[in-house]
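To keep things clear, I will list the structure first and then write my remarks on it.
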Amino acid sequence: MLGDYAGVGILLAIALTVPIGGYLIAFLLRPKRPYALKKQTYECGLETAGDTWVQFKIQYYIFALVFVVFDIETVFIYPWAVAYQQVGLFALAEMIVFIGILFMGLAYAWRKGALEWI
Amino acid sequence: MDILKLIYDPFGSIGEGLRGLLTQLLVQSLGLPDWTVTLIMLIAGAGFLVAVATVTMMFLTWLERKVIARMQDRLGPNRAGLYGILQPVADMVKLFTKEDITPSGADRVIYNLSPMLVVLPSLLVFAVVPFANHVIISDLSIGFLYIVAIGSTSTIALLMGGWGSNNKYALLGGMRAVAQFVSYEIPQVLSVVGVLLLTGSLSLGRIVYAQNYVWFAAFQPVAFIIFLLASVSEANRTPFDLPEAESEIIAGYHVEYSGIKFALYFLAEYINTFAISVFATTIFLGGWQGPYLPGWGALLPDWLWFLLKSYAVVFVMIWMRGTLPRLRIDQLMNLAWKALVPLALVNLLLTGVGLSVMQVFGWKLNDFTVFPSLAVFLVLNVLMGAGFLAVFKPAHLPKRKVVLVSRSRAFEVTTTFTGR
């Protein structure tokens, strides 16, 4: 069972050689002549004004909250989907109730304006 | 005969040969345990996969530029090699020899780590994909969940790149990437549940075997469209490429990157593009299975079917890029949450109903009773599509009317919204 993941681990190790090898080859080949003007933040020729890491208005934090709800719900739906054919009609009735509640949640979020991009 | 076998099952024949050779060499001569052979086979397979993925990425950059150029009545790259096929090689040489600029004030660790981390998930997702019969690195029983879980980690790398560059445009791009990913993950994950219901397994190998008679794209056309749209959006491709919108935020999270780091971002993006078409092929288009004649065998080798289907999906994605303009961010969010998520939930319910009908009559996927069940599913999908179009009729959406205010201020144009 856990042995199945050996392939994933090996692929990870091999995949790591792509970026590391790329960095290494580029390090050997590329020129290096930095000066202050070159290292300025690129904003289409204008000098950058103020700090970048300021408090940022994250417009999508409500989306993130709704996402968390739905993402957890998929954790419930996946085992249900896999077990559906063994459980039979009871599973269908149960899922109609579950998805009905989800729909009401989505409708509530919609009605409250949580799904509007401000 | 051997040549034919090599063409039809190259991985099988080469793998068998290699395994025999290694067993002779390691186990019988050196007395090493059996698992060393498996280990070396896995390393060879993974190395081959990574090499193929990198070459595929280079080919895709050429293909995309060429196809887009033809759609726009241009020639596209045609200088390096025949039809410009060597253009990606020239690009690669250029990117390797470009100076690496780290902007002053950047968070160096995060800035340098991000391009590395963005490549890894796009390569790792291929571990569970069956490229031909039995050609798979590891057929995990939770295959699709693995894809979703690994695939979503690339967002963290994008946010790291956006945050680490100390550039406002990059930060905006990174934020947009997260918002978009968060929104499109849900319809993508929900649209596949219909297929999982039909197969009763998350393993991609099993999903392909279940499509022996009929592709799931025929059972689940609505889910297929939802999956394709949500996946294209997750790969940040036009028309959903808001995180890197060139005309709004220069290039988003990779504004400050140059040389090899920029190349790695593009490597990840194109491998993701290919990964999407591979998943669409595996889950909805029958994977490596193609039509076969009874008593004669498959018409074309497995791997060729797989490549043909994958590149057909890639072509559709390039076509979308050539045709559709970029969406606005609020349109993007509306499409995800107000259209695709409810539709995916309805699809889930109707698939459950259809499957119950199949169970009541004792219809199966792997014999000829698949055809009445297909009819049931097609009726359900047509009903669902018609219902969706009735509710989300374009007439219900806000219309934009452009009004010219006065001649003296001819360039001041106000917009008024009607309807809604």
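A, B, ... follow the sequence lines: proteins, then strands. Residue 1 opens every chain.
- A distance of 5.0 Å separates CG of B/L355 from CD of A/Q85, quoted to the nearest 0.5 Å.
- Looking at B/Q359, the atoms closer than 4.5 Å to chain A (heavy atoms on both sides) all sit in the side chain, from C-beta outward.
- Using a 3.5 Å distance cut-off with no hydrogens or angles, the side chains of A/Y84 and B/S356 do pair a donor with an acceptor.
- Most heavy-atom pairs under 4.5 Å with chain B: of the set A/P31, A/G7, A/A83, this distinction falls to A/P31.
- Between chain A and the options B/L345, B/V360, B/V119, heavy-atom pairs under 4.5 Å are most frequent for B/L345.
- Using a 4.5 Å heavy-atom threshold, the side chains of B/D100 and A/Y23 count as separate.
- Chain B forms the most heavy-atom pairs under 4.5 Å with one residue out of A/L16, A/L92, A/L106, A/L29, and that residue is A/L92.
- For the set A/F27, A/F103, A/F67, the count of heavy-atom pairs under 4.5 angstrom toward chain B peaks at A/F67.
- Of all non-hydrogen atoms in B/I186 and A/D71, the two that sit nearest each other are CD1-N, 3.8 Å.
- The parts of B/L196 that come within reach of chain A are both its backbone and its side chain, each placing non-hydrogen atoms under 4.5 angstrom from that chain.
- The greatest number of non-hydrogen atom pairs below 4.5 Å with chain A, out of B/G352, B/S122, B/A336, B/S183, is found for B/G352.
- Residue contact with chain B, scored on non-hydrogen atoms closer than 4.5 Å, involves the backbone and the side chain of A/L11 alike.
- Here the rule is side chain to side chain contact (heavy atoms under 4.5 Å, CB included) with A/I77, and of B/L348, B/L197, B/V189 only B/L348 fits it.
- With a 4.5 angstrom heavy-atom cutoff, B/I142 touches chain A only via side-chain atoms.
- Contact of A/Y78 with chain B is made through the side chain alone, with heavy-atom distances under 4.5 Å.
- Here the closest non-hydrogen pair linking B/L123 and A/A15 is CD1-CB, 3.7 Å.
- Contacts between A/V68 and chain B at a heavy-atom distance below 4.5 Å are absent for every atom of the residue.
- Residue B/L95: no heavy atom, backbone or side chain, is found under 4.5 Å from chain A.
- Heavy atoms closer than 4.5 Å to chain A are found in the side chain of B/L190, but not in its backbone.
- Both the backbone and the side chain of B/T97 have a heavy atom closer than 4.5 Å to some heavy atom of chain A.
- Separating the CD1 atom in A/I20 from the CE atom in B/M116 is a distance of 5.0 Å, to the nearest 0.5 Å.
- Considering all non-hydrogen atoms of both residues, B/G200 and A/V82 come closest at O-CG1, 3.4 Å.
- Looking at A/L12, both its backbone and its side chain come within 4.5 Å of chain B, counting heavy atoms on both sides.
- For a residue to count as touching a neighbouring chain, one of its non-hydrogen atoms must lie under 4.5 Å from one of that chain's; by this rule B/I150 does not touch chain A.
- Between chain A and the residues B/A263, B/P342, B/P115, the most heavy-atom pairs under 4.5 angstrom are made by B/P342.
- Distance NZ/B/K98 to CZ/A/R30: 13.5 Å, rounded to 0.5 Å.
- Nearest heavy-atom pair, B/A127 versus A/V8, reported as atom, atom and distance to 0.1 Å: CB-CG2, 4.2 Å.
- Put simply, CD1 on A/I14 and CZ on B/F48 are 13.0 Å apart, with the number rounded to the nearest 0.5 Å.
- The contact between B/V193 and chain A is made by backbone and side chain atoms together, counting heavy-atom distances below 4.5 Å.
- Contacts with chain B were tallied for A/R33, A/Q86, A/E73; A/R33 has the most, counting heavy-atom pairs under 4.5 Å.
- Remark: B/I43 CD1 to A/I10 CD1 distance equals 5.0 Å, nearest 0.5 Å.
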